[in-house]
Amino acid sequence: MRPLIAGNWKMNTLRADGSALVVGLIEQRAGEDPGCDILLCPPFVSLGLIGDIIAESPILLGAQDCHKEESGAYTGGISAPMLSDAGCGFVIVGHSERRAQYNETDFLVSEKARAAHENALVSIVCVGETLVDRDADNTLSVVEEQLLGSVPKGANAKNTVIAYEPVWAIGTGKTPKNIQIREVHDHLRMLLENNFADGNEFRILYGGSMNSANAGEILSIKNVNGGLVGGASLTVKDFWGICTSL
């Protein structure tokens, strides 16, 4: 399967910063196919701007979250139909920062993924353990519970991507050992194959302090089908270095 490298800009970049970043990536992409799909997930307010810039390029557009409802009295909410209307093809749901800071449950994440699917969006469903979970040797049970509770029935490899992000590695510069990454990705693959007819075709991304220096090694691990990149997606050099490390 073709790998996916997704850049999650989080709450970063103003219009000028985001525009310059995307123009730089388009220039790089115009001269070379890195052998992967490239996805950018800017802040909501920049979706229109970034979407217009990448419209004639192979780069894909996604959002960082969506509401579970399609419309209504939800001040500040952004619905899946709005994202689809804005030109998005993907949306991240269940990121650990949303789970921790906004108390999002597996059920809510599944409802958001369902809303995404109903509006022709690919959901990137995030799972991952905390350092307490890791130290207690509960990593596999935690990600299993999150996966089974967060991926809605009817999901398939065309409308769903899984992202494994150990919470303790996000933005810290720390990364699990390769054997630890492989153990989790192999377990996620087993769960997908056991619960979905096309489970062997789902893309499983790794996220958590991935950068241009360690990406090649991580992306070579079995069942790692791409990356969900945070801080390193905010510069052309670092992000393109990850894209070309396959």
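As the structure is a prediction and not an experimental result, all values here were calculated from the model.
In summary, of the residues considered (Asp65, Ile170, Ile124), a side chain to side chain contact (heavy atoms under 4.5 Å, CB included) with His95 occurs for Ile170 alone. In summary, of the residues considered (Arg2, Arg189, His185), a side chain to side chain donor-acceptor pair (under 3.5 Å) with Asn225 occurs for Arg189 alone.
For Ser150 (side chain) and Leu147 (main-chain N/O), no donor-acceptor pair under 3.5 Å exists by modelled atom type. Remark: the backbone N or O of Leu14 is paired with a side-chain donor or acceptor of Asp17 at under 3.5 angstrom. A donor-acceptor pair under 3.5 Å is absent between the side-chain atoms of Thr175 and the main chain of Ser209, judged by distance alone. Listed for the Asn119 side chain is a donor-acceptor partner under 3.5 Å among the backbone atoms of Ala115. For Glu165 (side chain) and Gly128 (main-chain N/O), no donor-acceptor pair under 3.5 Å exists by modelled atom type. With hydrogens and angles ignored, the 3.5 Å screen pairs no side-chain donor or acceptor of Arg98 with any backbone N or O of Gln64. A donor-acceptor contact shorter than 3.5 Å links the side chain of Asn156 to the backbone of Lys158. At least one donor-acceptor pair under 3.5 Å links the side chain of Ser110 to the backbone N or O of Phe107.
The hydrophobic clustering, which links ILVMFWY residues whose side-chain heavy atoms are closer than 4.5 Å, places Ile5 and Ile181 together. Cluster annotation: Val109 and Ile78 are assigned to the same hydrophobic cluster (Ile/Leu/Val/Met/Phe/Trp/Tyr, side-chain heavy-atom contacts under 4.5 Å, transitive). Side-chain heavy atoms closer than 4.5 Å link hydrophobic residues (I, L, V, M, F, W, Y) into clusters, and following such links, possibly through other members, connects Leu191 to Phe202. Cluster annotation: Ile50 and Leu121 are assigned to the same hydrophobic cluster (Ile/Leu/Val/Met/Phe/Trp/Tyr, side-chain heavy-atom contacts under 4.5 Å, transitive). Ile38 and Met1 fall into different hydrophobic clusters, where Ile, Leu, Val, Met, Phe, Trp and Tyr are joined by side-chain heavy atoms under 4.5 Å apart, directly or via other members.
The neighbour count for Asp137 CG, taken as heavy atoms of other residues, nucleotides or ligands under 6.0 Å away, does not exceed 12. More than 12 heavy atoms of other residues, nucleotides or ligands shown are found within 6.0 angstrom of CD on Glu193. By the 6.0 Å contact criterion, CD on Gln101 is enclosed, its count of non-hydrogen atoms from other residues, nucleotides or ligands being greater than 12.
Contact check for Phe196 versus Glu201: no side-chain heavy atoms found under the 4.5 Å cut-off. Leu83 places a side-chain heavy atom less than 4.5 Å from the side chain of Phe44. The shortest side-chain heavy-atom distance between Asn138 and Glu129 does not fall under the 4.5 Å cut-off. Counting heavy atoms from C-beta on, the side chains of Asn223 and Leu188 never come closer than 4.5 Å. Contact annotation: the side chain of Pro42 approaches that of Leu47 to within less than 4.5 Å [non-hydrogen atoms, C-beta and beyond]. Two residues are said to be in side-chain contact when any heavy atoms from C-beta on lie closer than 4.5 Å; Val229 and Asp238 fail this criterion. Side chains of Ser212 and Lys237 form no contact here, defined as non-hydrogen atoms less than 4.5 Å apart.
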* Could you go through the side chain to side chain contact (heavy atoms under 4.5 Å, CB included) check for Leu234 and Phe239 one step at a time? => CA-CA 7 Å; Leu234 297 175; Phe239 192 58; over 6 Å; no
* **Residue pair Leu192, Asn200: steps toward the side chain to side chain contact (heavy atoms under 4.5 Å, CB included) verdict** => CA-CA 7 Å; Leu192 291 168; Asn200 65 321; over 6 Å; no
* **Evaluation steps, side chain to side chain contact (heavy atoms under 4.5 Å, CB included), between Arg99 and Val167** => CA-CA 10 Å; Arg99 291 179 184 265; Val167 179; over 6 Å; no
* Evaluation steps, side chain to side chain contact (heavy atoms under 4.5 Å, CB included), between Val22 and Ile54 -> CA-CA 7 Å; Val22 176; Ile54 65 175; 3.2 Å; yes
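The CZ atom of Arg182 sits 15.0 Å away from atom CD1 of Ile218, with the distance rounded to the nearest 0.5 Å. For the atom pair Met82 CE and Cys66 SG, the distance stands at 11.5 Å (nearest 0.5 Å). The distance from atom OH of Tyr206 to atom CD1 of Ile221, rounded to the nearest 0.5 Å, is 8.5 Å. Rounded to the nearest 0.5 Å, atoms OG (Ser57) and CD (Gln28) are 13.0 Å apart. To the nearest 0.5 Å, atom OG of residue Ser233 and atom CG of residue Asn211 are 12.0 Å apart. Atom CG in Leu21 sits 10.0 Å away from atom CD1 in Ile26 (nearest 0.5 Å).
The heavy-atom pair separating Ile92 from Cys41 by the smallest distance is CD1-SG, 3.9 Å. Closest non-hydrogen pair, Ser79 versus Glu69, comes out as CB-O, 3.4 Å. In terms of heavy-atom proximity, Val125 sits nearest to Val151 at CG1-CG2, 4.2 Å. Heavy-atom minimum distance, Ala155 versus His117: CB-CE1, 4.0 Å. Closest approach of Ser19 to Leu49, counting heavy atoms only: OG-CD2, 3.3 Å. Taking both residues in full, the closest heavy atoms of Trp168 and Thr172 are given as O-OG1, 3.0 Å, listed atom of the first, atom of the second, then distance.
Checking Asp133 against Thr139 by side-chain atom types alone, no donor-acceptor pair falls below 3.5 Å. For the 3.5 Å distance criterion, the side chains of Glu217 and Asn178 qualify, holding a donor opposite an acceptor.
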